[in-house]
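Heads up: the structure comes next, in structure tokens.
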Amino acid sequence: MEKKFQSYFIILFLCILGLSATIYKVVSLDFPLFPGGQAVSWTVESKITFDADGEEAKVTYAKPISTSHLRVISTHAVSSGYGYEEKDGQGIWTKRQADGKQSLYFQAIVHQQEDEDATINSFFASKPKGSVRTARLDSSQKAAASEIIGFAKQRSTDERSLVTQMVKVFRTETLSDSVAYLRKSISSEQATVDLAKEILILAGIHVKEIKGVFLSKGREKEKIRSILGVFVDDKWAPFDVISGEFGVPANFLPFGNTSDGVLVVEGGNNSKVEVTSVSDGRSAQSLTTYHAQVDKDILVDFSIYSLPAEQQKTFKLLLLMPIGALVVVFFRNIVGLKTSGTFMPILIALTFLQTTLTVGLALFVIVVGIGLLLRSYLTHLNLLLVPRISAVLIVVTLIFAMISILGFKLGMENSLAVTFFPMIIVSWTIERMSVLWDESGAKEVFVQTFGSLFVASIAYFMMSSVLIKHLTFLFPELLLVVLAVILLLGQLRVIA
């Protein structure tokens, strides 16, 4: 009774441990529970050029920052001969002596996200001090802007709605000649933002300009553009003049706040920033594991996700073996189906994953059939065990080579995967079957062979499932639950 209690306690503990780790990943780390789903990711590269004066050069660049819609997950700076450091959200390059044309590069990996807690706090760290500055408008522009402000006040109830109405009137209303006069001086989208900013300042509203780029699909050269931060209802709020809506636009990537804008160059002139973005689709799975690695979460930092890609690919296959073991335990201990050993069906199933089920079954029957005939002949030669198995191994290897060459000539690419067969195991299988044939007869050989292939086929369908592949790789702790189920099955009696 005590041993049974210990077994059930271990089973319960394994289930709780495996499920807890899985729930933590799903809830806290946003790991996708189901496969599929693509998230758009961008590589945003900034090329900074300027003409150095031949003296000490210092370049300060505002790094891209995350919003509720976009997350910067990594950054990288390239600068030959320059020292580089990051401080207060800025990238700073320095060089004791720089002369002639200079080029610096800054790269950021950005992807879509939906995180309401992510804000551009670096712009809104403190409340504005002092009164609103004087609007930079001439007398005629002020008169026209004042008419727009007065009209907007009649349509608004608070500061937030006042901002919306002012921009709406300025951009779309045909109030009078005032709007036409102001809009006549606009030559670009940035000029629209600049003029709207001055109108808001004239209305007594504190305004900050937030520079960034609107990311697009494909490969594009992006223009540095602006949205505004307006201080309304005793707090800062981002506002897009072009759309006339509050909030950071979904595809807007802001640059960090420097005292004099996005780029400051000391010791040079003719400075310029060219921003290029390249979009691509990445699986939600790969992005999630990448985030967790960047955040140094211990469940990911010390896991198979931290291994090189080639090793991860190997583990994707190995992590499926416990699923095959669960199938074998069920059919052997619960159903009572006989197989050729415990691990043979699992290895055969792994082989089927490489060759497909139909081709794998055919190749297995051919190779084992020829091997049994060869083993029967070698028995008559009275060879010792080790030489006999070695001879079978050599012949099996030759059979693999012949099938691969023949399949390639006939255009059957699946036959090339025959090299994934565990040749040593197949050789031992042939030896075991021949011994079993001598001891128990041909019937027992066919029963165990059929059982092995049947269980291997069921294991193949389980292990080739997209959902199971996804769960075993992204949540390997669920294998603790599989272990618990196997232990539980070990407490039950065989039916057949």
Side-chain angles (χ1 to χ4, degrees), residues 18 22 25-26 31-38 282-286 288-289 303-305 307 309-335 337 339-368 400 403-404 407 411-423 425-426 429 449-486 489:
T22 301
K25 282 185 174 181
V26 172
F31 274 51
L33 190 58
F34 298 98
Q38 291 282 319
R282 299 188 184 186
S283 68
Q285 169 183 322
S286 64
T288 302
T289 54
S303 69
I304 59 175
Y305 313 127
L307 296 176
E310 190 63 30
Q311 279 68 36
Q312 287 191 37
K313 185 177 179 181
T314 301
F315 269 99
K316 282 184 179 180
L317 193 62
L318 294 179
L319 288 171
L320 294 172
M321 293 185 67
I323 304 300
L326 177 61
V327 174
V328 173
V329 169
F330 176 79
F331 279 99
R332 287 201 56 164
N333 281 43
I334 304 302
V335 178
L337 192 65
T339 61
S340 180
T342 303
F343 299 108
M344 179 57 64
I346 303 174
L347 296 175
I348 296 174
L350 286 174
T351 303
F352 290 168
L353 289 176
Q354 305 292 334
T355 62
T356 73
L357 181 61
T358 305
V359 174
L361 284 171
L363 291 174
F364 185 85
V365 171
I366 292 172
V367 173
V368 173
F400 287 159
I403 292 176
S404 296
M412 300 168 60
E413 295 184 3
N414 284 337
S415 65
L416 298 176
V418 71
T419 54
F420 287 97
F421 265 97
M423 291 186 291
I425 301 300
V426 171
T429 301
T449 302
F450 173 79
S452 297
L453 293 179
F454 177 79
V455 172
S457 299
I458 301 299
Y460 162 80
F461 286 114
M462 294 284 290
M463 295 161 70
S464 62
S465 167
V466 175
L467 177 60
I468 290 178
K469 285 182 178 180
H470 171 81
L471 291 176
T472 54
F473 180 69
L474 211 58
F475 305 99
E477 53 275 357
L478 284 177
L479 296 182
L480 295 175
V481 180
V482 174
L483 174 59
V485 174
I486 289 177
L489 294 177

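These numbers come from a predicted model, not from an experiment.
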What's the separation between atom [atom1] in [X] and atom [atom2] in [Y], rounded to the nearest 0.5 Å?
| X | Y | atom1 | atom2 | answer |
| --- | --- | --- | --- | --- |
| Leu479 | Ile323 | CG | CD1 | 6.0 Å |
| Leu326 | Phe330 | CG | CZ | 9.0 Å |
| Thr22 | Leu478 | OG1 | CG | 3.5 Å |
| Thr472 | Leu320 | OG1 | CG | 4.5 Å |
| Ser464 | Lys469 | OG | NZ | 6.5 Å |
| Thr339 | Met344 | OG1 | CE | 9.5 Å |

Inset, instruction - Taking the side chain as every heavy atom from C-beta outward, state whether Leu483 and Pro322 have any pair of such atoms under 4.5 Å apart. - result: no
Legend entry - Non-hydrogen side-chain atoms of Leu489 and Asn333 separated by less than 4.5 Å: no
Which atom of [X] lies closest to which atom of [Y], heavy atoms considered:
| X | Y | value |
| --- | --- | --- |
| Leu357 | Ser457 | CD1-OG, 3.7 Å |
| Ala456 | Ile348 | CB-CG2, 3.7 Å |
| Phe364 | Leu453 | CD2-CD2, 3.5 Å |

Inset, instruction - Go through the steps for Leu337 and Val455 under the test side-chain contact (heavy atoms from CB on, under 4.5 Å), then give the verdict. - result: CA-CA 9 Å; Leu337 192 65; Val455 172; 3.7 Å; yes
Under the side-chain contact (heavy atoms from CB on, under 4.5 Å) rule, collect the residues that match up with [X], sequence neighbours excluded.
| X | result |
| --- | --- |
| Leu350 | Leu317, Met321, Leu347, Leu353, Met463 |
| Ile458 | Val327, Phe331, Phe454 |
| Ile366 | Ile370, Ile403 |

